[in-house]
Amino acid sequence: MSDEVKEIALELRRHLAWQESDGTRQILKTPGAPSALSAMAAAAPVAAPVAAPVARAAPVAAAPVVVPVSPPVDASRFSTLDEVRTELGDCKRCKLCSGGRKQIVFGVGNPKAELVFVGEGPGEEEDKQGVPFVGASGQLLTKMIEAMKFSRDTVYICNVVKCRPPGNRNPEPDEIQSCEPFLKAQLAVIKPKVIVALGKFAAQTLLRVDTPITRLRGQWRSYEGIELMPTYHPAYLLRQPDEKKKAWMDLQEVMRKFGKL
Ligand code: URA
């Protein structure tokens, strides 16, 4: 086995061990079939010695399908946000760890908040400061929170993905999937009365739907027994200020729930 193949096999072994131990993904094995690792390692090209007769490649059984599954987060596993943060560690579960992130942006605010805002993912400023929503859209979110008669200190703010996607691109499905258990754990620990899902990624991830945000917004939904209001993301509102009226209507619904209207 060449060094390169050994390195790939080792990397696969580490990755699969993590997937199996962590429970973040479930590996479906066909009964009696080789493990994903051995099938993939077997399928890896092996350099033949130059003088050796050309060996006919043995037929390789199709690698078992690896189906990533985001397991339900065991709420009883974590009783504090600190425990969730410790579990997240210096996360290397997805490619955002090597995409130029400066730091993980976990969340900020009141760990006992009745109201939680969930955004998409950190931008440049959030990545620098380690705090969600501190850039331009953060300033608008702060105004929205204050207009609702709350403050940043009384609510909790976090994102679907905890690391900045390079160039502020959208988070990709595998990145969302890796990070989602931590968002769920945060929400399970905080147990807010209401979640405001800011934009398509937060709303679609939490509700497990692919309905456009234009149709989701303004309608009460339920996430694990918690009332959830989808609305537009502040970054979208900065680009489309005319849509602020609709977002304000959504936020007023939330205020009504808290008797603040
Ligand atoms: N946009 C988000 O979705 N989250 C942030 O933290 C900042 C900008």
Side-chain angles (χ1 to χ4, degrees), residues 81 84-85 88 91 94-97 99-111 113 115-148 150-187 190 192 194-207 209-210 212-214 216-217 223 228-241 243-244 246-247 250-251 254:
L81 288 173
V84 182
R85 181 63 189 86
L88 184 59
C91 187
C94 84
K95 58 188 180 303
L96 292 181
C97 69
R101 82 162 182 218
K102 288 195 170 57
Q103 54 190 315
I104 293 171
V105 180
F106 183 68
V108 71
N110 179 1
L115 177 58
V116 171
F117 291 83
V118 180
E120 179 181 318
E124 187 177 8
E125 201 50 41
E126 290 77 18
D127 181 52
K128 257 191 225 154
Q129 296 189 32
V131 180
F133 282 101
V134 288
S137 51
Q139 285 168 23
L140 177 55
L141 178 62
T142 304
K143 283 188 193 150
M144 289 157 65
I145 292 170
E146 287 170 358
M148 294 170 74
F150 285 86
S151 69
R152 275 183 75 111
D153 293 343
T154 54
V155 303
Y156 190 82
I157 306 172
C158 59
N159 283 304
V160 172
V161 295
K162 313 286 185 238
C163 298
R164 181 190 180 201
N168 292 354
R169 65 157 167 75
N170 290 337
E172 293 177 355
D174 58 314
E175 297 157 359
I176 293 175
Q177 197 166 38
S178 298
C179 227
E180 189 189 1
F182 297 95
L183 171 61
K184 286 178 149 271
Q186 286 173 301
L187 295 171
I190 299 171
V194 173
I195 298 168
V196 174
L198 299 165
K200 145 184 163 156
F201 288 95
Q204 293 183 347
T205 301
L206 290 171
L207 297 174
V209 295
D210 58 8
I213 187 67
T214 46
L216 289 173
R217 66 142 284 273
Y223 163 83
L228 183 148
M229 174 57 74
T231 192
Y232 289 135
H233 192 285
Y236 171 75
L237 297 175
L238 288 175
R239 294 193 303 271
Q240 305 286 339
E243 299 284 51
K244 283 184 186 169
K246 288 183 196 157
D250 306 344
L251 298 181
V254 175

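Just so you know, ligand 1 is whichever comes first in the structure, and atom 1 is the first atom listed for that ligand.
For the ligand labelled ligand 1, residue E125 lies outside the 4.0 Å heavy-atom shell.
In terms of N/O distances under 3.5 Å, ligand 1 is approached by F133. Ligand 1 has no nitrogen or oxygen under 3.5 angstrom from a nitrogen or oxygen of E126. Of the N or O atoms in P122, none lie within a sub-3.5 Å distance of an N or O in ligand 1.
Residue pairs meeting the salt bridge (Lys or Arg N to Asp or Glu O under 4.0 Å) criterion with at least one partner in residues 117-127, sequence neighbours excluded, are E125-K128. Every pair passing ring pair (Phe, Tyr, Trp, His ring centres under 6.0 Å) that includes a residue from residues 115-135 is listed here, sequence neighbours excluded: F133-H233.
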Could you go step by step and tell me if E180 and T205 meet the side-chain contact (heavy atoms from CB on, under 4.5 Å) rule? CA-CA 8 Å; E180 189 189 1; T205 301; 4.0 Å; yes
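For ligand 1, the atoms closer than 4.0 angstrom to any heavy atom of G119 are 3 (O). Atom numbering of ligand 1 starts at 1 in the shown order; those under 4.0 Å from a heavy atom of P132 are 6 (O). Near E120, the atoms of ligand 1 lying under 4.0 angstrom from a non-hydrogen atom of the residue are 2 (C), 3 (O). The atoms of ligand 1 that sit less than 4.0 Å from any heavy atom of H233 are 1 (N), 2 (C), 3 (O).
Residue K95 places its NZ atom among more than 12 non-hydrogen atoms of other residues, nucleotides or ligands, all under 6.0 Å distant.
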